[in-house]
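Presented below is the structure to which this report refers.
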Amino acid sequence: MSSRTLPLLFINLGGEMLYILDQRLSAQNIPADKAKKVMNDIITTMFNKKFLEELFKPQELYSKKTLRTVFDRLAHASIMRLNQASMDKLYDLMTMAFKYQVLLCPRAKDILLVSFNHMDAIKDFVKDTPSILSQVDETYRQLIEMYTPLSSGEFQLIRQTLLIFFQDMHIRVSIFLKDKVQNSNGRFVLPISGPVPHGTHIPGLIRMFSCNGEEVKRLQFRNGGNYTGVLREGSFEMFGERVIKLGTNMYSVSRPVETHMSGTSKNSAQQKSINTAPNPLAKEELNMLARLMGGMEVQKPGNADSGFRVNLFATDEEEEEALISRPDEFSYDVIKIQATKNHQANAELVKIMGDFTEEAGEPCPLSASSKGDDLLAMMDGL
């Protein structure tokens with residue numbers, strides 16, 4: 001697995017989350033000032049310097065539960081609140097949209113162009129707020145510095161790591177179903193026509209060479225599709241035309257979006273047993289969450305009246321029904337995290353980490369640096 005995958009996964013999922021929230025805030029007629037505050041607060045938290053320093057450190061991907069915890073915290077970084085069912089739907093839409101983009105990337109390297117499409121949109125959200133825009137630009141520079149030198153093989157490893165992460169997720173999304181790019185079982189339909197990857201030829205020709213490297217024979221064959229060549233490559237600079245449209249806002253044309261479970265898997269019992277088995281990375285995930293959450297400066301509403309709830313369903317009744325009917329294997333046991341200086345809560349964290357130490361059979365010291373203002377004090381449901 002590639003140790004450079006996490007920043008791309010986070011930025012692309014974050015970009016999709018912002019697209020969805022922007023669409024829902026508009027659909028629910030949230031006042032423009034409140035909607036702008038929500039977007040600004042989330043983007044400020046998302047591109048917090050300390051948070052990104054931890055994110056960009058070379059590291060393997062962690063579990064879906066861990067990443068879901070980060071995005072749950074991120075979605076509530078402002079005055080907006082989401083009920084459990086709406087948060088589930090939001091995460092489903094985010095993950096399935098990015099899975100679709102990874103599958104359809106013409107080249108593995110084009111995942112970076114998808115990321116830049118998301119970054120371009122995020123910059124547009126905060127174009128009138130220079131302080132936040134500078135944070136986004138700094139992340140842009142980090143992405144360019146880290147990823148543009150990578151080889152095609154390294155990008156292929158990143159793509160495979162992402163596909164492994166998404167391989168068991170088959171949530172049906174109404175937009176994809178209507179556009180016939182997703183089957184009723186939640187699996188995506190890969191096209192057999194369209195532009196070929198940049199730098200490649202249209203299929204239909206076999207060339208044979210001698211031992212000396214001289215071409216000795218050509219054979220034509222029917223490729224079974226309607227392919228076209230790509231005229232130019234997308235720009236990998238901070239400003240430029242990306243050419244590919246993957247990663248742009250598919251909600252710009254207002255239409256309802258629904259998610260549906262693709263049915264209980266035949267091996268759901270096996271999946272459940274796997275999910276409940278001890279996670280050998282649990283201690284590392286705990287430490288990662290402590291560092292990541294310590295860098296996320298979540299804004300608290302000034303008073304109870306200033307906050308508002310966003311519903312990703314058409315009605316409250318649909319939201320309640322979705323929460324009740326969601327199969328267990330698709331549920332996320334969200335880790336709840338609070339940042340506090342409370343010493344009793346700190347003792348609880350030490351106890352939890354001690355439990356991991358007993359399971360692992362090795363010491364797990366609590367870093368003295370974790371005693372600051374952003375102390376990860378409590379972790380339940382792990």
Side-chain angles (χ1 to χ4, degrees), residues 8-9 11-28 85-86 88-108 110-122 124-125 159 162-163 165-198 202-203 223-231 234 241-263 311-315 318-319 322 326 330:
L8 294 182
L9 178 61
I11 285 169
N12 285 283
L13 288 180
E16 288 300 319
M17 180 178 73
L18 292 168
Y19 287 155
I20 298 163
L21 291 178
D22 182 58
Q23 189 267 344
R24 290 309 301 166
L25 290 168
S26 176
Q28 290 189 209
S86 285
D88 288 342
K89 180 176 179 178
L90 174 62
Y91 193 72
D92 287 344
L93 288 171
M94 291 159 49
T95 51
M96 294 307 292
F98 185 45
K99 178 181 179 179
Y100 171 72
Q101 293 156 13
V102 173
L103 283 170
L104 265 67
C105 270
R107 303 175 301 171
D110 289 335
I111 292 174
L112 189 54
L113 292 177
V114 175
S115 305
F116 286 168
N117 273 335
H118 282 117
M119 290 291 292
D120 291 343
I122 292 169
D124 194 55
F125 282 131
R159 183 176 186 270
L162 289 169
L163 291 177
F165 179 82
F166 289 125
Q167 66 181 348
D168 296 324
M169 304 180 72
H170 305 294
I171 311 298
R172 292 176 293 164
V173 179
S174 61
I175 286 179
F176 295 141
L177 293 170
K178 290 173 184 175
D179 291 344
K180 300 187 185 302
V181 297
Q182 191 180 34
N183 290 326
S184 58
N185 61 3
R187 297 180 183 273
F188 287 108
V189 179
L190 300 182
I192 58 171
S193 297
V196 297
H198 183 270
I202 295 175
N223 56 36
N226 182 21
Y227 296 99
T228 58
V230 177
L231 298 178
E241 174 58 44
R242 310 306 175 191
V243 178
I244 67 172
K245 299 303 179 185
L246 297 171
T248 56
N249 191 352
M250 66 179 181
Y251 308 98
S252 55
V253 178
S254 182
R255 49 180 171 169
V257 184
E258 298 298 334
T259 56
H260 309 276
M261 302 303 115
S262 58
N311 185 355
L312 268 72
F313 296 84
T315 64
E318 284 187 23
E319 185 180 48
R326 189 176 179 86
F330 291 104

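Computed from a predicted model, the values in this text were never measured in an experiment.
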Set of residues satisfying ring pair (Phe, Tyr, Trp, His ring centres under 6.0 Å) with respect to Tyr100, sequence neighbours excluded: Phe176, Phe188

For Arg107, all residues meeting side-chain hydrogen bond (donor to acceptor under 3.5 Å, both in side chains), sequence neighbours excluded: Asp110, Glu233

Sequence neighbours excluded, which residues qualify as salt bridge (charged side-chain N to carboxylate O under 4.0 Å, His left out) partners of Asp120? Arg242

Could you tell me the separation between the CG atom of Leu93 and the CZ atom of Phe98, rounded to the nearest 0.5 Å? 15.5 Å

Backbone of Leu8 reached by a side-chain donor or acceptor of Asn12 within 3.5 Å: yes

Interatomic distance, CG@Leu162 vs CZ@Phe166, rounded to 0.5 Å, equals 6.0 Å

Straight-line distance of Ile122 CD1 to Met119 CE, nearest 0.5 Å: 6.0 Å

Apply side chain to side chain contact (heavy atoms under 4.5 Å, CB included) to Pro191 and list each qualifying residue two or more places apart in sequence or on a separate chain. Leu104

When rounded to the nearest 0.5 angstrom, what is the spacing between CG in Leu21 and CE in Met94? 8.5 Å

Shortest non-hydrogen contact between Ile202 and Gly229, atoms and distance: CD1-N, 3.8 Å

Look at the side chain of Asn223 and the backbone N and O of Gly225, then say whether any donor-acceptor pair between them is shorter than 3.5 Å. yes

Donor-acceptor under 3.5 Å (Asn185 side chain, Arg187 main chain): yes

Any donor and acceptor pair, going by atom type alone, linking the side chain of Thr95 with main-chain N or O of Tyr91 inside 3.5 Å? yes

The reported gap from CG in Leu9 to CZ in Phe165 (rounded to nearest 0.5 angstrom) is 5.0 Å

Enclosure of Leu190 CG (heavy-atom neighbours >12, cutoff 6.0 Å): yes

Give the minimum heavy-atom separation between Val114 and Cys105, together with the two atoms involved. CG2-SG, 3.7 Å

Has Lys99 got a side-chain atom pairing as donor or acceptor with Leu163's backbone, closer than 3.5 angstrom? no

Please name all residues satisfying ring pair (Phe, Tyr, Trp, His ring centres under 6.0 Å) with Tyr227, sequence neighbours left out, ordered by chain then number. none

Who passes side chain to side chain contact (heavy atoms under 4.5 Å, CB included) against Ala121, sequence neighbours left out? Tyr19

So which atom in Gln182 and which in Arg172 form the shortest heavy-atom distance, rounded to 0.1 Å? OE1-CA, 3.5 Å

How long is the gap from CD1 on Ile244 to CG on Leu246, to the nearest 0.5 Å? 5.0 Å

What pairs with Glu16 under side-chain hydrogen bond (donor to acceptor under 3.5 Å, both in side chains), at least two apart in sequence or on another chain? Gln101, His118

I'd like to check the side chain to side chain contact (heavy atoms under 4.5 Å, CB included) partners of Thr248; sequence neighbours left out, ordered by chain and number. Asn117, Lys245

Side-chain heavy-atom pair Val196, Pro203 within 4.5 angstrom cut-off: yes

Kindly determine whether Lys180 and Val189 satisfy side-chain contact (heavy atoms from CB on, under 4.5 Å), including the steps that lead there. CA-CA 8 Å; Lys180 300 187 185 302; Val189 179; over 6 Å; no

Identify, with sequence neighbours excluded, every residue that meets side chain to side chain contact (heavy atoms under 4.5 Å, CB included) alongside Gln167. Ile164

